[in-house]
There are 2 protein chains.
Amino acid sequence: MLVCAPLTAVADEGMWTFDNPPAKQLQEQYGFTPTKEWLDHVRLSSVRLNDGGSGSFVSPHGLLLTNHHVARGQLQKNSSPEHDYIRDGFYAAAEDQEMKSPDLEVNVLVSMEDVTARVQAAVKKANGAEREFAARKAEIAAIESESLKATGLRSDVITLYQGGEYWLYRYKKYTDVRIMFAPEQQTAFFGGDPDNFTYPRYDLDMALFRVYENGKPIDSTNYLHWNREGAKENELVFTSGNPGSTARLDTMAQLEGERDAILPLYIKMVNSRLDALRKYSALGNEQARQAASLIFGLENSLKAESGVLEGLMDKNVMAAKQKDETEFREKVMANPKMAAAYGGAWKALAEAERKADSRAKDRYFHGTDSQLTALAMNIVQLVAEEKKPDGERLPGYHDAQLESLRFRLFSPAPIYPGLEIARITAALELDLSEMSPNDPFLKTILRGRTPKQTAEQLVNGTKLTDPAVRKKLVEGGEQAVAASGDPMIVMAREVDPARRELIKWLEDNVESVEQRAGEDLGKARFAIYGKSTYPDATFTLRLSYGTASGYPMNGTKAPYKTTLFGLYDRANSFNFEGPFYLPTRWAEGRDKLNLATPLDFVTTNDVVGGNSGSPVINRNAELVGLVFDGNIESLVGDFVYDGTSNRTVAVHTAGMTEALQKLYHADALLKELLGQ
Amino acid sequence: MLVCAPLTAVADEGMWTFDNPPAKQLQEQYGFTPTKEWLDHVRLSSVRLNDGGSGSFVSPHGLLLTNHHVARGQLQKNSSPEHDYIRDGFYAAAEDQEMKSPDLEVNVLVSMEDVTARVQAAVKKANGAEREFAARKAEIAAIESESLKATGLRSDVITLYQGGEYWLYRYKKYTDVRIMFAPEQQTAFFGGDPDNFTYPRYDLDMALFRVYENGKPIDSTNYLHWNREGAKENELVFTSGNPGSTARLDTMAQLEGERDAILPLYIKMVNSRLDALRKYSALGNEQARQAASLIFGLENSLKAESGVLEGLMDKNVMAAKQKDETEFREKVMANPKMAAAYGGAWKALAEAERKADSRAKDRYFHGTDSQLTALAMNIVQLVAEEKKPDGERLPGYHDAQLESLRFRLFSPAPIYPGLEIARITAALELDLSEMSPNDPFLKTILRGRTPKQTAEQLVNGTKLTDPAVRKKLVEGGEQAVAASGDPMIVMAREVDPARRELIKWLEDNVESVEQRAGEDLGKARFAIYGKSTYPDATFTLRLSYGTASGYPMNGTKAPYKTTLFGLYDRANSFNFEGPFYLPTRWAEGRDKLNLATPLDFVTTNDVVGGNSGSPVINRNAELVGLVFDGNIESLVGDFVYDGTSNRTVAVHTAGMTEALQKLYHADALLKELLGQ
């Protein structure tokens with residue numbers, strides 16, 4: 001049975017902001033009330049990794065625990081044909097062996113300030129959706145810029161409850177983040193794509209970084225103590241991390257647009273990209289190594305979004321969503337004042353969705369799927385945008401965002417020309433097959449060439465693979481970019497008008513309407529239900545609660561935990577074939593292990609993508625696990641939470657401890673984790 | 001995706017009679033053609049156990065392999081408060097330690113003869129459904145009786161293809177069947193009701209009997225050689241066993257009646273009986289021991305029939321069935337001759353179904369759920385029926401059936417009065433709550449007493465617990481039964497008219513119509529499709545084929561086999577609680593085992609209930625596994641086979657061998673099995 005509750009949270013549902021923890025539910029259901037100190041400590045021990053995941057500090061000297069699959073990008077960027085840290089893993093027994101991440105930024109949320117009144121007041125002065133949009137954007141940029149100047153901290157204004165609230169989040173930012181430990185990819189991702197998003201699971205999906213500042217490991221008391229016993233069955237546990245995005249407060253019209261127009265195109269695009277990468281991989285071991293992380297990420301997206309689409313096509317799910325919307329709408333309409341102020345929002349959102357759908361193809365089939373083209377386009381826009389008043393710039397180019405942007409633009413991570421050519425070729429071929437041959441964006445890029453010729457000429461002619469070249473262009477500003485004969489920069493200059501046109505069109509026709517209507521519904525929701533619920537996920541810090549517990553599965557029960565026995569069962573069951581092989585260390589080390597040790601476990605906590613790497617903690621804020629996935633039943637969590645079978649999948653601290661000790665002999669690491 | 005093919009079999013579908021093996025499919029798909037010798041050898045090595053399962057001979061000295069859950073009833077009947085063979089298992093290291101089964105009959109199918117022409121000719125002479133019914137019944141009884149007299153063999157006329165064919169099956173019958181080996185129930189049924197009908201699975205669901213004749217083990221070359229390597233992935237395998245009943249050729253009207261009228265009542269009845277038995281079990285260890293086998297059986301039925309009902313409520317399944325029916329019907333109607341002869345069958349079946357539904361409550365809520373009442377009712381009817389001409393008797397009382405009936409009536413198996421009282425009380429309470437208070441059957445039984453008073457007076461007053469008393473009554477015939485003051489016999493005499501009325505009403509209004517319409521559709525099917533398919537299951541010997549292979553499950557893949565590692569994983573995962581505990585032998589013996597040994601495996605073979613205990617054999621007719629279950633996706637197999645996910649679940653011979661050798665030290669047994 002699906003419990004659908006976007007309006008008032010039930011059971012263990014919710015991704016709660018730290019200013020509004022679910023204190024009532026926790027007290028009523030579990031007799032626990034988190035103190036301010038508890039909340040502050042957990043928040044300051046939690047991090048966001050801007051590669052797209054979460055993590056936590058687990059030692060007084062800056063050790064940062066996250067998933068292997070979150071650290072994967074940085075491992076790949078440190079690897080070479082000679083040293084494949086993805087395949088072989090990595091362990092730095094001493095600090096001087098740690099490897100620098102070329103472009104990983106880590107954020108700690110150090111303060112939260114409600115700026116709703118200021119943003120809404122600025123919007124109120126404007127007239128009409130488009131002017132309101134500009135006013136909102138300018139005010140948000142001003143708040144961020146002022147905060148950056150005043151504090152030096154990364155400052156983001158976050159839109160919560162679809163515009164019901166605006167908050168200024170300030171982050172302490174770290175960019176010197178070094179890889180300390182990672183197991184073999186096969187150990188972290190045993191079972192591969194088939195087992196991804198499922199349970200029972202047997203993955204040691206963990207990695208450790210160490211965070212430095214001014215060339216030294218940071219020192220802090222804000223870290224989580226390692227509880228080597230790990231989570232017990234039915235124990236109350238929390239996760240603190242950054243769920244990426246959900247659509248639980250979306251209207252039916254928006255969900256239907258996602259189902260009928262957006263997701264099918266997205267899935268088509270991902271399948272096409274995967275095809276191209278698999279072909280490239282087949283060329284040889286080195287090609288396979290280069291493409292592995294991209295394939296990994298796309299397979300993950302494909303499985304996740306296919307699950308979301310399946311959920312949106314489930315009649316029971318949609319009926320439950322419809323029922324909730326009808327109830328909410330009737331409550332709004334029953335109050336004449338609210339009806340006048342907010343009653344038009346549903347229609348406005350439906351129209352905006354239809355407009356968005358009409359240009360969905362432009363969004364998915366103007367792709368070039370390449371690092372180099374993205375860098376070129378970013379550089380061309382950056383030099384133009386930075387000259388404008390902050391409030392008028394394109395999204396992504398506000399003062400408060402520039403430092404993080406430059407950090408990424410100048411990353412020394414390797415770029416593989418062969419891979420780039422393969423990706424650009426395939427992307428342009430897909431674009432061509434989906435769009436009109438007279439599409440201005442495509443005509444401009446192709447100039448009558450085939451996709452392959454285009455890709456080869458762009459990639460072979462560019463010097464942008466060198467970060468120094470990119471830096472020089474950015475520092476040279478508009479003049480240097482205008483004068484550049486680099487084919488990537490030339491291409492980016494030429495397609496820039498078409499790209500800007502789409503952004504502007506979406507702002508005027510879709511986003512401005514969505515923001516206004518979203519704010520209206522946000523206000524209506526607060527007026528009717530109070531702040532008894534949580535906002536949709538925004539890749540910002542959230543607290544979720546739940547218990548470690550199994551669930552009904554496929555006619556029987558899934559247990560709350562798995563053990564090391566199960567890893568060997570599944571590997572043997574599949575004759576060690578395909579994604580079920582065991583790395584030598586594990587195949588040969590079996591008898592060193594206590595096979596009854598818990599390896600993974602599930603909890604009822606409400607998490608989604610972006611929560612990867614979140615700590616699982618107990619009442620004492622001790623680390624008892626490490627979130628790395630959701631089960632297949634959780635994929636529908638984008639728009640509905642069902643506590644019966646929606647489960648967070650985590651690595652158990654007992655399993656991590658056992659492996660580190662018996663197989664990896666990571667004695668120094670364990671000593672530090674266990675505080676010995 | 002559901003592949004629905006009742007008319008022409010595809011993939012590995014089908015429960016084929018040994019006169020019509022799927023030779024074409026086997027040759028085309030697997031390049032294998034079974035010879036006559038192969039088929040005869042497999043058939044004569046296969047057995048039916050009249051407790052409701054299948055088995056096979058696995059040694060030249062009468063060793064019979066079947067499931068623990070098929071042998072369970074006989075183990076229970078040999079157990080006592082002092083010796084609980086269900087809990088502890090049993091092993092006879094020498095022949096003189098083997099234990100006699102009190103009432104197990106084993107049948108070997110020794111000949112098959114097509115008698116369709118004779119039966120249909122007899123029917124043709126009659127006029128109208130009721131007279132046809134009587135003529136068919138009389139002719140079948142005559143065929144059986146003649147055969148019995150001529151050969152001394154158990155002789156059953158089987159209705160195949162809903163009446164499209166009639167076959168005389170002759171069985172060699174064995175009634176001296178001794179228990180030789182059984183593991184602990186918990187080893188055989190690890191995972192209990194939750195894991196029942198699911199996979200991956202970790203059960204050693206095996207038991208061995210030895211079959212005797214004239215006080216000596218039988219000697220025969222018709223047995224299957226034990227292949228200790230067991231089934232390999234993707235290997236072609238066969239099962240030879242007795243699937244109980246399917247409804248794949250039923251019309252939509254019949255399936256809808258099953259869904260809407262029959263199954264809901266049946267499930268209600270089973271739930272009520274389970275409640276009563278669980279309450280009785282809670283009274284103490286001895287009560288729990290007495291009720292265990294009944295609970296086991298009812299839980300099994302409940303899970304199976306709930307799965308069937310779910311399938312019947314699945315719109316995709318029903319749409320596929322509807323499509324098949326429509327196609328078949330259109331083909332019949334397109335031919336004027338066929339339309340005239342058979343076109344009325346669907347309507348006739350729909351009407352018969354409606355009539356049957358109208359008295360469904362009488363069938364399920366006239367229950368007394370008791371061994372003693374059943375014995376009494378059988379005795380009362382037997383003495384009356386045996387005096388009639390064979391062809392006119394009630395079903396079950398024909399000459400050819402009397403020997404098996406007497407064998408069961410005079411079984412020395414223990415009957416527990418406390419358990420009987422609890423069951424009768426609960427059954428009568430359910431009857432009372434569901435039927436009118438003026439229902440004649442109930443009024444007659446209760447005579448104004450409460451259900452509990454009735455049950456106590458009946459059970460405490462009867463002497464039928466003694467098989468000698470039952471024998472004396474039967475031998476005394478009608479006179480002895482009429483003179484008996486035994487309260488059970490008195491009750492049985494009094495309710496007999498109501499019972500006979502229902503049987504007669506069903507014959508006249510339902511069965512006669514179904515048999516006639518079934519024959520019509522059977523003939524139409526042969527005329528249109530030829531004999532390219534298999535008949536519905538009838539608890540008679542069938543051959544199924546398929547491969548050992550995994551399947552897509554819950555977002556990932558289920559492997560084709562499980563290993564002993566998995567048993568320890570699942571036990572540890574659930575902290576050894578509830579149905580996931582390990583018997584001491586297994587908990588303590590872990591390190592003696594090679595845990596990578598395959599324990600269970602799945603195949604695409606098409607089996608249903610009744611196939612329990614069937615051998616899984618390879619091309620060389622060697623034993624490579626032992627069927628004990630179907631997965632949850634196979635429950636819909638009652639009316640449709642889906643090769644994507646429908647799987648037979650079997651014990652692997654490698655797992656059986658490993659356990660017998662390392663944990664049970666069954667050296668003599670192994671020596672005999674391995675032919676050493």
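Proteins come first, then strands; the chains are lettered A, B, ... in the order of their sequence lines, and each starts at number 1.
- Between A:F565 and B:L567 there is no side-chain heavy-atom pair separated by less than 4.5 Å.
- A distance of 3.5 Å separates CG of A:D569 from OG1 of B:T563, quoted to the nearest 0.5 Å.
- Looking at A:R590, only its side chain comes within 4.5 Å of chain B, counting heavy atoms on both sides.
- Using a 4.5 Å heavy-atom cutoff, the side chains of A:E233 and B:E577 are in contact.
- Between chain B and the options A:T562, A:N554, A:T198, A:L564, the largest number of non-hydrogen pairs under 4.5 Å is found for A:N554.
- The minimum heavy-atom distance between A:F574 and B:A558, with the atom names listed, is CZ-C, 4.0 Å.
- The most heavy-atom pairs under 4.5 Å with chain B, out of A:N631, A:N575, A:D193, come from A:N575.
- Here the closest heavy-atom approach between residue A:S573 and residue B:K561 is recorded as OG-O, 3.0 Å.
- The contact between B:Y568 and chain A is made by backbone and side chain atoms together, counting heavy-atom distances below 4.5 Å.
- Atom CG of A:L599 is separated from atom CG of B:N572 by 12.5 Å, given to the nearest 0.5 angstrom.
- Summarising the geometry of B:R570 relative to A:K557, their closest heavy-atom pair is NH2-O, 2.9 Å, with the distance given to 0.1 Å.
- No side-chain heavy atom of B:I632 sits less than 4.5 Å from a side-chain heavy atom of A:M553.
- Other residues, nucleotides and ligands place no more than 12 heavy atoms under 6.0 Å from the CD atom of B:E310.
- Looking at A:L595, the atoms closer than 4.5 Å to chain B (heavy atoms on both sides) all sit in the side chain, from C-beta outward.
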